[in-house]
Structure formats: structure tokens, C-alpha cells
Amino acid sequence: MHLTPGQPTPAGVWFDGKGVNFTLFSAHAQQVELCLFDANNNETRHLLTGRSGDVWHGYLAGARPGLRYGYRVHGPWAPAKGHRFNPAKLLIDPNAHAVEEGIGDDPLLHGGFDTPDPRDSACVVPKCIVVSDNYDWQGDAPLRTPWGETVIYEAHVRGLTIRHPAIPQALRGTWGALGHPVMIDYFKRLGISALELLPISRYVSEPRLRQSGLTNYWGYNPLAFSALEPRYSMSGDPCAALDEFRDVVKALHRAGIEVILDIVLNHTAELDLEGPTFSLRGIDNRSYYWLQDNGDYQNWTGCGNTLNLSSPAGVRLAVSCLRWWVDHCHVDGFRFDLATVMGRTPAFRRDAPLFEAMRRDPSLAHIKLIAEPWDVGPGGYQSGNYPPPFAEWNDRFRDGLRRFWLQRTLSRGELASRFAASSDLFAHDGRLPGASINFVTAHDGFTLHDCVSFNDKHNEANGEENRDGNNSNFSFNHGVEGPSATLSVIERRRASVHALLATLLLSQGTPMLLAGDEHGHSQHGNNNAFCQDNELTWLDWTQANAGLTAFTAALIRLRRQIPALTAERWWQEGDGSVQWLNAQGQPLAGNDWRRGAPVMQILLSGRWLLALNATAEVVDITLPEGEWRAVPPFAGEDNPVVTAVWHGPARGVCAFHKS
């Protein structure tokens with residue numbers, strides 16, 4: 001096959017029906033070789049003769065999907081200046097749409113420290129694969145569910161379904177399980193509107209984990225940003241995985257469920273200077289990473305390196321990745337891990353180059369964008385500071401609810417702020433209440449069951465002597481550490497779980513539910529189970545708490561009946577959206593907000609009332625004037641009792657509707 005100069009766009013590789021166009025961004029390369037591999041791993045090299053600015057490109061007429069390839073990039077070796085070019089190392093296309101399985105800790109992967117390693121790495125580097133974009137979407141279109149109607153369910157592809165007895169064995173833990181009628185029916189009965197998946201792009205386990213016999217379960221160690229992880233494919237074929245995933249997106253859309261991807265655009269699996277060389281380090285280290293003056297990496301992620309997403313290389317890579325998932329896989333949005341990196345210049349800026357490029361891109365203009373608003377670098381905590389249309393994980397909501405219900409250290413005024421979509425953080429620059437992603441638990445931290453069962457983390461299985469994971473959890477074991485407890489303790493824990501779920505799902509903002517919390521799933525006190533790909537993290541559907549699941553589903557149904565929660569507008573004094581009342585049914589005022597027992601009432605849209613008692617004692621709460629009836633899930637569907645006083649149990653909550 002003969003290579004011609006080709007075109008500088010689109011990014012990555014593209015099959016046009018007659019051949020394949022290849023592009024690679026490298027500002028400091030002196031020469032780029034396209035390396036093709038046959039079934040026996042025999043290598044053929046072609047020089048990319050086309051160059052437009054910093055984009056190297058070539059067109060291979062007659063090339064077809066299934067072609068295996070990689071790159072060798074020539075340039076200066078000057079570590080102090082950040083250059084680590086080494087053509088002995090085969091490199092993975094950062095825009096690849098399929099990458100073979102397998103990568104280990106072979107010494108051949110190391111590019112060298114002070115001097116380049118001359119050993120060829122092609123025999124141990126997984127090859128990229130050209131894919132076909134020919135797929136019948138059958139009229140599938142974006143759902144664009146309004147934020148006010150959005151309920152997010154955060155889940156792991158494998159952990160969610162691998163132990164589900166009603167799903168065929170061959171499908172468990174794969175894309176196919178997510179689109180199986182059993183799961184579709186479950187999502188609909190639960191009432192969620194969006195499935196947020198932990199990272200599904202191609203990733204690898206860190207050497208330390210592999211040496212300890214562990215694996216990176218969560219997937220936050222990316223190898224290729226636009227290629228699917230083949231271990232979640234039923235066939236295991238990296239190319240077939242693409243259509244399998246598209247089938248699932250299409251099935252979920254038919255059920256009215258959006259798909260949001262948790263994506264890692266902050267670091268790569270090349271880690272620190274002693275890490276492997278298999279992509280960006282060898283393509284253009286200085287352009288793709290934030291470097292110190294001595295050429296070492298800025299470690300603002302805690303993972304050894306940090307992507308420079310304000311450079312032209314970083315912006316091009318990030319935007320092309322996001323566009324691929326939206327345009328060619330029809331995903332509905334993204335949750336960005338350690339998203340402060342996306343706005344670093346290196347100081348965080350709301351008008352950072354990547355944010356501006358995303359704002360202008362037509363493919364990204366109408367999707368859901370969710371930031372984890374922190375990294376571990378200087379000035380890394382940026383909660384409330386992202387530009388629209390970003391929403392943000394609201395850790396102050398998480399900590400606030402735990403402190404109110406479990407620690408009793410949060411004032412009523414602070415709870416009201418969190419309940420009202422944290423307007424103190426988000427009500428600016430045209431941002432709306434949906435910008436607050438409210439959660440009590442997430443994949444990172446205790447499960448809801450463990451939050452009421454453990455005072456301390458128990459991460460010994462991670463092999464770091466329990467040093468890893470957050471020490472500040474605001475949890476409460478109700479007097480007994482661990483799951484085994486007396487019936488009275490179990491009942492108190494149940495009340496706390498119900499109170500936390502009710503406040504989460506009946507607050508203004510966008511609620512996010514951690515998969516398994518509605519089952520009573522426990523990780524036995526492990527609050528950092530990133531390396532536990534086993535029954536500790538997998539949901540056991542045979543042990544699911546059906547009553548808790550029904551309670552959660554009823555809360556979601558109730559949420560959708562209350563206009564104050566579904567309307568995307570900030571609550572204003574006197575507009576009838578909310579009233580804050582004390583235990584006697586009178587408006588909270590003055591010192592009531594800062595002092596006094598954690599007991600209060602919240603009247604929504606004039607007709608729905610929440611009564612909250614976070615004390616350890618039963619209290620009497622006088623409801624406002626009128627005829628009130630407890631509503632599901634706090635009472636039966638036909639509840640004839642007209643209630644004037646609620647005898648609030650310890651750490652209890654109830655919802656009422658005005659007749």
C-alpha cells in the first residue's frame with residue numbers, strides 16, 4: 001500500500017471507504033513513522049510526509065478496518081528540556097478507537113531516564129486497530145433530559161451486573177448486561193434518568209498493583225482516551241466492543257435513560273519519570289504534560305503526571321476525544337475526574353483554553369458536563385467556580401448531610417443552604433440549580449450502608465496498611481463497629497439510611513445515587529476500593545434489600561411530583577417555592593438558623609412538607625395549619641389519617657401532602 005500526504009483532519013485515524021487517513025499531533029518531532037503490523041506481527045514502516053503546522057498526516061489507499069498500527073516518533077532527547085523522543089519505542093495513538101488487550105511491566109516499555117533505552121518495544125506494546133464507523137443507529141437521537149428532571153445512577157459496568165442471577169452468564173459484567181431487558185426494567189422501576197458509568201476507556205493497572213496481585217478496578221489510569229476497554233466486551237474483541245457499546249446506548253435511550261461517561265482527562269498511565277513509555281511521553285512529552293523547570297512532571301493529580309490541557313496539543317486531544325464519544329457513540333454527557341486540571345493555565349481559569357474550545361464546539365454545546373471540582377495541586381479546590389454549562393459534584397452537600405444526620409454538627413441554616421442547591425456556591429453567571437450534583441455517597445468513599453455502620457475506614461485489603469482513603473468521613477456506626485449489631489442498632493441505622501436518602505432525593509439540585517445503596521450494599525468499611533475487583537465491590541443481587549429498593553424508587557417518584565424540585569429556577573423569598581419552619585410550624589428566624597436542636601420542617605410548593613428530626617430522641621413536631629397526609633414511601637398509597645402532630649423518631653424524616 002502506498003502512503004500519500006493525506007489530510008490534517010479529523011484527529012486520529014479515519015476510514016473513508018477507500019482508505020485510511022492518519023494524523024498525529026507533535027510540535028517538536030523531527031520525523032514520524034506509521035508502523036503497520038500483520039497477523040504475525042511483521043512490521044512495515046511508512047514516513048508520514050504530510051505536515052500541517054504541528055499535525056503530521058498521511059493517507060493509505062486500500063487500507064481497511066482491522067489494520068493494526070502504531071507510531072515511532074523521532075526527535076531530540078533532552079530530558080532537562082522535557083524532550084524524550086525515542087524511536088525504539090512503539091507508541092499508541094492517543095486518538096485510537098480500538099487498542100488490543102494486554103500490557104505488562106516489561107522492561108522494554110521503559111524509554112530511558114538520563115539516556116534513551118535502545119531496546120525495541122514493539123513486541124510488548126498493544127497495537128492500535130482501525131475501526132469502521134458504519135453503524136445503524138435506527139433514528140437514535142439525544143434525549144437531552146432537563147437537569148430538573150435528572151436523577152443520576154453511578155455504576156461500574158462489571159460490578160453492577162456480574163452477580164446478577166437473572167442475566168445470562170455470558171453477558172454478566174459486560175456492556176450487553178446493561179442493555180439486557182432485566183436491567184432496563186430495573187432502571188425504569190427505580191426511576192433513574194441517567195446511567196453514569198465509571199471509566200470505560202482503555203486503561204491499565206499500575207505496576208504496584210500488579211506486583212501485589214491487585215488490579216485497577218475503577219479504571220482511573222488511562223491508556224487510550226477514545227478506545228473502549230475490551231474486558232467489558234462479551235466477545236473480548238476490541239473492534240466488536242464498539243458496536244456492543246453502541247447497542248447498549250441505543251437500548252438505554254429507547255428506555256428514556258441517558259448515558260454519562262466518567263472520563264479521565266487529567267493524567268495518563270505513563271505515570272512518573274520511571275513509568276513506561278507507550279504514548280504521549282514519546283510523541284511530544286513537552287507539549288502534552290505539565291513539566292517542572294528541570295523536566296520532571298508536575299504531579300497535580302497524585303498519579304505521577306498531569307496533562308497540559310491548555311496547550312494546543314492538549315486541547316486538540318481532549319476535544320477530539322469528547323467529540324468521538326458524542327458524535328459516534330451518542331453518549332449524553334461526561335463526568336470529569338479531577339477536573340481542575342482542565343482549567344489549569346497553570347493557575348485555574350474559568351476561561352481556560354479547553355473550556356473555551358468546548359463552549360464553542362457544536363457537538364459539546366448541549367450535552368451534560370459534570371466536573372469533579374478539585375485536584376491535588378495548588379489552588380486545586382475550585383468548587384462553585386466552573387463556568388456554565390458545567391455542573392459540579394457538590395462535596396459540601398455530601399459532608400453537610402452526613403454531619404446533620406449522623407454527627408449532629410450542622411446548623412439548620414447550613415442544611416437549608418445545601419438543601420436549596422447550594423445557591424451560595426452556584427447561583428452566579430447564569431448557572432441554575434441543576435449545577436449542584438448532590439450526593440451522599442459515590443464510588444470513592446463509604447457506601448451508604450457502611451456510612452451508618454463504621455466510624456473508621458478498613459482498607460487493609462488494599463495493601464497499604466490502611467493508610468489510603470479519606471480519614472474524614474462524617475460517618476456514625478450507631479454504637480457498634482461493623483455490620484453485626486443488635487436489632488435496635490440495625491433499626492437506628494435503617495432510620496439514618498432512610499433520612500439520608502430522603503434528603504438527597506428531595507433536595508433541590510441534581511441527585512446522584514450510588515449503585516447498590518438502594519440494596520444495602522456493603523464494602524465492609526473499605527472506603528477506597530479502587531483495586532478490589534471481587535465480591536467486595538460486586539453487587540450481590542440475591543441479598544438486595546427489596547424494601548430499601550422500593551423506598552428509594554418511591555422517593556424518586558415523589559420527587560417528580562414536586563414543582564419546586566423539578567423547575568430549573570432558584571428559589572426566591574415569597575415565590576411560594578419553599579418555606580423553612582421550626583418544630584412548632586413557625587418560620588425560622590434569627591438565631592434559629594444557627595442554634596437549637598437539628599429539628600425543622602421544609603414546605604415545598606405550598607403543598608409538600610418534609611419534617612426532619614436529626615436528634616437521638618423522639619420529638620413532637622407540629623405541622624402547619626391544614627390537613628396533612630403522610631405520603632409514600634412514608635405511608636401507604638391510601639393513607640386516610642389526617643395528621644396534626646408528627647411524633648418524629650430519632651434521626652427520622654417524613655413527607656406529607658396537603659389535602
Side-chain angles (χ1 to χ4, degrees), residues 145-155 190-196 258 260 262 333 335-336 339 368-374 383-384 386 389-406 410 412-427 431-448 451 473-474 496-515 517-518 551-552 555-560 562 564-571 577-578 602 604 608 610 612 614 653 655:
T145 305
W147 280 109
E149 300 174 14
T150 297
V151 177
I152 298 172
Y153 188 73
E154 189 199 32
L190 188 59
I192 63 163
S193 71
L195 180 63
E196 182 178 305
E258 294 184 309
I260 298 172
D262 192 334
R335 178 266 186 188
F336 298 100
K368 288 183 167 68
L369 303 174
I370 301 170
E372 182 184 40
W374 50 77
S383 182
Y386 283 74
F390 275 92
E392 301 175 34
W393 270 25
N394 188 349
D395 62 321
R396 296 191 195 181
F397 182 95
R398 174 199 64 199
D399 295 348
L401 260 65
R402 292 186 187 188
R403 288 177 57 203
F404 183 82
W405 286 113
L406 303 180
L410 193 81
R412 287 176 286 198
E414 180 71 8
L415 178 73
S417 295
R418 301 305 141 235
F419 191 93
S422 297
S423 58
D424 55 329
L425 297 176
F426 299 111
R431 305 182 81 183
L432 297 173
S436 176
I437 304 297
N438 299 334
F439 66 105
V440 176
T441 57
H443 68 274
D444 186 2
F446 279 146
T447 67
L448 185 57
C451 209
N473 297 288
F474 304 110
S496 291
V497 165
H498 281 199
L500 286 163
L501 279 173
T503 317
L504 166 66
L505 292 168
L506 299 177
S507 289
Q508 189 182 34
T510 304
M512 184 185 78
L513 181 69
L514 173 64
D517 277 355
E518 80 280 15
F551 180 83
T552 306
L555 285 173
I556 295 174
R557 289 194 298 271
L558 177 58
R559 174 185 182 82
R560 294 203 163 106
I562 303 175
L565 300 181
T566 57
E568 265 294 87
R569 62 175 181 268
W570 294 105
W571 296 339
S577 296
V578 65
I602 306 172
L604 298 172
W608 282 269
L610 296 182
L612 289 71
V653 63

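Owing to the predicted nature of the structure, the values given are computational and were not obtained by experimental measurement.
No donor-acceptor pair closer than 3.5 Å links the side chain of Arg559 to the backbone N or O of Thr566. For Arg418 (side chain) and Leu401 (main-chain N/O), no donor-acceptor pair under 3.5 Å exists by modelled atom type. Looking only at distances, a side-chain donor or acceptor of Asn438 sits under 3.5 Å from a matching main-chain atom of Gln508.
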Take Trp405 and Thr503 through the side chain to side chain donor-acceptor pair (under 3.5 Å) test and state the conclusion after the steps. CA-CA 10 Å; Trp405 286 113; Thr503 317; 3.0 Å; yes

Please determine whether side chain to side chain donor-acceptor pair (under 3.5 Å) holds for the pair Glu372 and Trp374, giving the CA-CA distance in whole Å, both sets of side-chain angles, and the decisive distance to 0.1 Å. CA-CA 6 Å; Glu372 182 184 40; Trp374 50 77; 3.3 Å; yes

Derivation and outcome, side-chain contact (heavy atoms from CB on, under 4.5 Å), residues Asp262 and His443: CA-CA 11 Å; Asp262 192 334; His443 68 274; 4.2 Å; yes

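Of the candidates Trp393, Tyr153, Phe397, Trp393 is the only one forming a ring pair (Phe, Tyr, Trp, His ring centres under 6.0 Å) with Phe439.
The number of heavy-atom neighbours closer than 6.0 Å to CZ of Arg560, taken from other residues, nucleotides and ligands shown, is above 12.
Put simply, CZ on Phe419 and CH2 on Trp571 are 5.0 Å apart, with the number rounded to the nearest 0.5 Å.
At least one side-chain heavy atom of Lys368 sits less than 4.5 Å from a side-chain heavy atom of Thr150. Contact of the Ile260 side chain with the Leu195 side chain is not registered, since no non-hydrogen atoms from C-beta on lie closer than 4.5 Å.
Taking the charged nitrogens against the carboxylate oxygens, Arg396 and Asp424 have no contact shorter than 4.0 Å, which rules out a salt bridge. At a threshold of 4.0 Å, the pair Glu392-Arg335 does not count as salt-bridged, since none of the basic side-chain nitrogens sits closer than that to a carboxylate oxygen.
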